[in-house]
Amino acid sequence: MNPKTVFCPHEDCVARGHIGKGNITIHSKKEKRYRCKECGRTFSERKGSALYRLHRPAEMMVTVLKLFDQRQLFFPLNDN
């Protein structure tokens, strides 16, 4: 977890989109959560991604997507 590589995702925060400005701290390493010093709100490491609120390891989802993609080579989706 590196707070210098993330930004506050909350729309009403004045620091939204500011990366590396020192306004983000680690709130919980175990839960992988950050805290914004400007608005005081916390957010998940996966906030804004396709893996947000998914209670499975990211590696598992990558494997599933790869298997699904391989399946499409043999059984293409019907466009009709």
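For clarity, every value in this text was computed on a predicted model and none was experimentally measured.
Atom NE2 of His27 is separated from atom NZ of Lys30 by 12.5 Å, given to the nearest 0.5 angstrom. Interatomic distance, Cys8 SG to Lys21 NZ, rounded to the nearest 0.5 Å: 15.0 Å. Glu38 CD to Ile24 CD1: the interatomic distance, rounded to the nearest 0.5 Å, is 9.0 Å. Tyr34 contributes atom OH, which lies 5.0 Å from atom OG1 of Thr5 (distance to the nearest 0.5 angstrom).
Under a hydrophobic-cluster definition in which Ile, Leu, Val, Met, Phe, Trp and Tyr are linked whenever side-chain heavy atoms come within less than 4.5 Å, directly or via other members, Val6 and Ile26 are assigned to the same cluster.
Counting heavy atoms from C-beta on, the side chains of Pro3 and Thr25 never come closer than 4.5 Å.
For Arg16, the salt bridge (charged side-chain N to carboxylate O under 4.0 Å, His left out) test picks out no residue, with sequence neighbours left out.
Closest non-hydrogen pair, Phe43 versus Cys36, comes out as CE2-N, 4.4 Å. In terms of heavy-atom proximity, Thr42 sits nearest to Arg33 at OG1-NH2, 2.9 Å. Across all non-hydrogen atoms, the minimal contact from His18 to Asn23 is O-OD1, 3.9 Å.
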